[in-house]
Trainee: 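Just dropping this structure here.
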Amino acid sequence: MRSLFYVVCFFLFLSISSKAQNSADCRTAIPVCADAPIFSEADGGGDIDDFDPDVVRQTGCLEKGSISSANIENNTSWYVFRAGTGGQVGFDIEALPVGGATITTAEWDFAVYGPDVDCGDISSGAVEPIRCNYEVNDTGFTGVGVNPESGQIGAPFLTGSQNTYDEWLEVQPGEIYYILINNFNTNFDGDPEPYSLTFTGSSVEADQNTALDCTLRDEFLGLDIVACEGDPDITLSALNSPAGADIASVTWEVDYENDGVIDGSLVGTGPFGAELVVSSPTSGRYFAEITTISGTPPTVEDEGGILITFYGDPVLDRVEILDTNLTIDPDKNNIEIFVEGDSSYEYAINGGEFQDDPVFTDVPPGLNTVVINDKNGCGITEPIEFLIVAYPKFFTPNNDGFYDTWNIFGIETLANPRVYIFDRYGKLLKQLDENNIGWDGTFNGKEMPSSDYWFRFEYDEDVAGTLVAKIRKTHFTLKR
């Protein structure tokens, strides 16, 4: 069973006079867009669970700071953005003075992950930063693109270079990226350190309102959540909605089938009923409707809701034979694997490599095995046996223990099977059914010569509840 991974996103208020929400955990990364500078402060030591301690110093530039004592997570902030348009995107992180001070004491570093990764892969080390800088700063700015203070152009990270900028991101619409902002080890007491985050680049300059998809920020319940049956409860929170302190009460609704039909109302917990606990395996799309104190607007609702999907262990439904030597092509045994469930799966047969395509070609006749793996990490099956009803193209009746008899593989699984074997002149040599071990290559006690032999195979197949007679005629080879 894999660990639950999900992102619960908070609405971010952007203004010069107020500080934004902060999240030190990738799973609750704050959705942002490029329509204004973000002023915030990072407080606390960060959630060290963001990284697996066994791999964190072997991933990207995180282990390469020019000061060996630098903290990878200290006073951290996590942000997430979704590209609205394709093009060049960067950002500036500026260290700000604390209180009424005139100089800054903090130094900031960053790492960018994407496109389209999840926090579970980040923490496990399965993915590395695509942009990163843990270099000692001699400027108040760090980021991606061009340093606005020194004009320094972004370049791939190099320890000791003192270039605090990395190269531009080239994004495509819909791609999602995570940004980790980290306070250098100048502050170990957990006191907050202020900074600003401003997005830059040709895409942003063309249109701040479309460069990053601001609807992600407005989805205050967060990104859709994928979990496994048996994972811990998931707590949804509407406390960080656009209503802010104007919340009077919260009403929750759920569409269990995700078919656009609300199935019922749910009772929340916590202040104003603004939290909802969802337990495994209650999949569905959840909505929060907020009634405000001021009544302006009367309600605030995350219209898209948040879809929570719990996946269980994969279960094989059936193996369907597509083109076998009993139907169309005598030289191919093609199958398709069907699984109960709607997760993402990969398949391997007979100990081979996994593949995403459930269709396999040229599967050997007889008994085979398939292993099904849930790509969301919710389980993998033991090898499951399945039978290909087919016939060997040749046999060698020389009593060496290999291919000494010829028969239809899996004949015992069919309804009313009958096999008639003929020589090239049409003389009947042998009749087989599910009770025979096969033909040993003799007729009336005499060994038949090496040659091609013909057979007619008859059996009944259940088609929509009706037994339909099937007939197959082809040949095989006897070799001595």
Trainee: Do the side chains of Arg82 and Asp213 get close enough for a salt bridge, i.e. N-O under 4.0 angstrom?
Mentor: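 Yes.
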Trainee: Whether the side chain of Gln355 engages the backbone of Asp357 through a donor-acceptor N/O pair (distance < 3.5 Å, no angle test) should be reported.
Mentor: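 Yes, because the side chain of Gln355 sits within donor-acceptor range (under 3.5 Å) of the backbone of Asp357.
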Trainee: If you measure from the Lys or Arg side-chain nitrogens to the Asp or Glu carboxylate oxygens, is any gap between Arg418 and Glu458 under 4.0 Å?
Mentor: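 Yes, this pair counts.
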Trainee: When the aromatic ring centroids of Tyr347 and Phe354 are compared, is their separation below 6.0 Å?
Mentor: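 No, they do not, as the ring centres are separated by 6.0 Å or more.
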Trainee: How far does OG1 of Thr76 sit from CG of Asn183, to the nearest 0.5 angstrom?
Mentor: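 Atom-to-atom, Thr76:OG1 and Asn183:CG are 9.5 Å apart.
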Trainee: With a 4.5 Å cut-off on side-chain heavy atoms, are Ser40 and Tyr195 touching?
Mentor: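 Result yes, sub-4.5 Å side-chain heavy-atom pair found.
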Trainee: Using the ring centroid of each side chain, check whether Phe199 and Phe81 are separated by less than 6.0 Å.
Mentor: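 Ring centres of Phe81 and Phe199 closer than 6.0 Å.
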Trainee: Do the side chains of Tyr177 and Val80 get nearer than 4.5 Å, heavy atoms only?
Mentor: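 Answer no - side chains too far apart.
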Trainee: Taking the side chain as everything from C-beta on, heavy atoms only, tell me whether Asp423 gets closer than 4.5 Å to Ser451.
Mentor: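 Asp423 does not reach Ser451 side chain to side chain.
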Trainee: Within a strict 4.5 Å, meaning less than it, do heavy atoms of the Ile349 and Asn368 side chains meet?
Mentor: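 Ile349 vs Asn368: side chains apart.
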Trainee: State whether Lys430 and Asp440 are salt-bridged, where the test is any N-O pair (Lys NZ or Arg NE/NH1/NH2 against Asp/Glu carboxylate O) under 4.0 Å.
Mentor: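 Asp440 and Lys430: not salt-bridged.
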Trainee: Evaluate the criterion ring-ring contact (aromatic ring centres under 6.0 Å, His included) for residue pair Phe91 and Phe110; output intermediate values, then yes/no.
Mentor: CA-CA 11 Å; Phe91 55 82; Phe110 70 89; 5.4 Å; yes
Trainee: Restricting to salt bridge (Lys or Arg N to Asp or Glu O under 4.0 Å), what partner residues turn up for Lys479, sequence neighbours left out?
Mentor: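 Here no residue qualifies.
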Trainee: So, do Arg480 and Pro449 sit near enough that their side-chain heavy atoms are less than 4.5 Å apart?
Mentor: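 Arg480 vs Pro449: side chains apart.
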Trainee: Listed by chain and number, what are the salt bridge (Lys or Arg N to Asp or Glu O under 4.0 Å) partners of Arg131, not counting sequence neighbours?
Mentor: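 In terms of salt bridge (Lys or Arg N to Asp or Glu O under 4.0 Å), with neighbours along the sequence ignored, Arg131 is linked to no residue.
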Trainee: Taking the inter-plane angle between the rings of Trp406 and Phe455 on a 0 to 90° scale, is it parallel (under 30°), tilted (30 to 60°) or perpendicular (over 60°)?
Mentor: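 It falls in the tilted class, 30° to 60°.
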Trainee: Knowing that exactly one of Asn258, Thr309, Asp255 qualifies, which makes a side-chain hydrogen bond (donor to acceptor under 3.5 Å, both in side chains) with Arg285?
Mentor: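 That would be Asn258.
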Trainee: Check whether any side-chain heavy atom of Asn133 sits under 4.5 Å from a side-chain heavy atom of Tyr165, and report yes or no.
Mentor: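 No, every pair of side-chain atoms sits at 4.5 Å or beyond.
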Trainee: Could you tell me if the ring centre of Trp454 sits under 6.0 Å from that of Phe422?
Mentor: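 Trp454 vs Phe422: aromatic centres not under 6.0 Å.
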